[in-house]
Amino acid sequence: GRRLRLFHFLFEMLQDPSMAHCLSWAPAPPGVFSFSSRNKDQVAALWGQRKGNKRPMTYQKMSRALRNYARSGHIFKVKKKLTYQFSRDTLTSLQKGHG
DNA sequence: GGCAAAGGGAGTACAA
DNA sequence: ATTGTACTCCCTTTGC
């Protein structure tokens, strides 16, 4: 069975226009996205629900996982507040997986 | 000084 | 049952 990964879930949310109040792509460069300061916990809560967690997920806990992605090379933090960037390879493979 | 955001060590859940 | 991965939890530090 294939397990859902956080970076995949975030990519899904970024493709959904109804989630734009929570997180959205930056105009440029490609792969850069940022969370809304007001609604960042909403996307985190959805992530926790999707995983079937018993306790609610928060942005604080979710962002720890995002920091781990710097080690694996999936996503990097950028200097801007609440802003991250998918690596080029990760972005490419995510775009393949979703038509 | 106070809050939101970022950083990181240690523990947990799950699948192989 | 063991083990490695991918988070999850909570405390500390930073920056505005």
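Chain naming here is simple, since letters A, B, ... match the order of the sequence lines and numbering starts at 1 in each.
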Using every non-hydrogen atom in the two residues, find where A:T90 and A:S87 come nearest and quote the distance to one decimal. OG1-OG, 2.8 Å
Heavy-atom contacts under 4.0 Å between residues 63-73 of chain A and DNA chain B, which residues? A:R64, A:R67
DNA chain B nearest-nucleotide lookup for A:Q60 and A:K51: closer to the 5′ end is A:Q60
How long is the line joining CG of A:L6 and C1' of B:dA13, in whole Å? 16 Å
Residue pair A:F11, A:L91: steps toward the side-chain contact (heavy atoms from CB on, under 4.5 Å) verdict: CA-CA 9 Å; A:F11 185 79; A:L91 193 62; 4.0 Å; yes
CE of A:M62 versus C1' of B:dA6: gap in Å, rounded? 13 Å
According to the interplanar angle, ranging from 0 to 90°, do the rings of A:H74 and A:F7 count as parallel (below 30°), tilted (30 to 60°) or perpendicular (above 60°)? parallel
Hey, can you tell me if A:F33 and A:F86 have their rings parallel, tilted or perpendicular (30° and 60° cut-offs)? tilted
Start and end of chain A contact along DNA chain C [non-hydrogen atoms, under 4.0 Å]: C:dA6 to C:dC11
For A:F7 and A:R55, take the nucleotide of DNA chain C holding the closest heavy atom to each; which residue's nucleotide lies nearer the 5' end? A:F7
Chi angles and distances behind the side-chain contact (heavy atoms from CB on, under 4.5 Å) call for A:W25, A:S34: CA-CA 7 Å; A:W25 295 112; A:S34 58; over 6 Å; no
Interface residues of residues 34-49 of chain A with DNA chain B (non-hydrogen, below 4.0 angstrom): A:S37, A:K40
Touch check for A:M57, heavy atoms < 4.0 angstrom, all strands: base, sugar-phosphate only, or nothing? sugar-phosphate
Tell me which donor-acceptor pairs under 3.5 Å the side chains of residues 17-24 of chain A have, and how far apart each pair is, sequence neighbours excluded?
unit_1 : atom_1 : unit_2 : atom_2 : d
A:S18  : OG     : A:D16  : OD1    : 2.8
A:S18  : OG     : A:D16  : OD2    : 3.1
A:H21  : ND1    : A:S18  : O      : 3.2
A:H21  : NE2    : A:Q42  : NE2    : 3.2

Is there side-chain contact between A:L66 and A:K77, with at least one heavy-atom pair below 4.5 Å? no
Evaluate the side-chain proximity of A:W47 to A:L4: yes if any heavy-atom separation is below 4.5 Å, no if none is. yes
In whole angstrom, give the distance that lies between atom CZ of A:F76 and atom C1' of B:dA6. 17 Å
Which residue pairs pass the salt bridge (Lys or Arg N to Asp or Glu O under 4.0 Å) test with at least one member in residues 55-76 of chain A, sequence neighbours excluded? none
Apply side-chain contact (heavy atoms from CB on, under 4.5 Å) to A:K40 and A:L82, showing your working. CA-CA 9 Å; A:K40 59 189 185 306; A:L82 296 171; 3.9 Å; yes
Taken in chain and number order and not counting sequence neighbours, the residues that satisfy ring pair (Phe, Tyr, Trp, His ring centres under 6.0 Å) with A:F76 are none
Side-chain N or O of A:Y59 versus OP1/OP2 of B:dA4: is the shortest distance under 4.0 Å? no
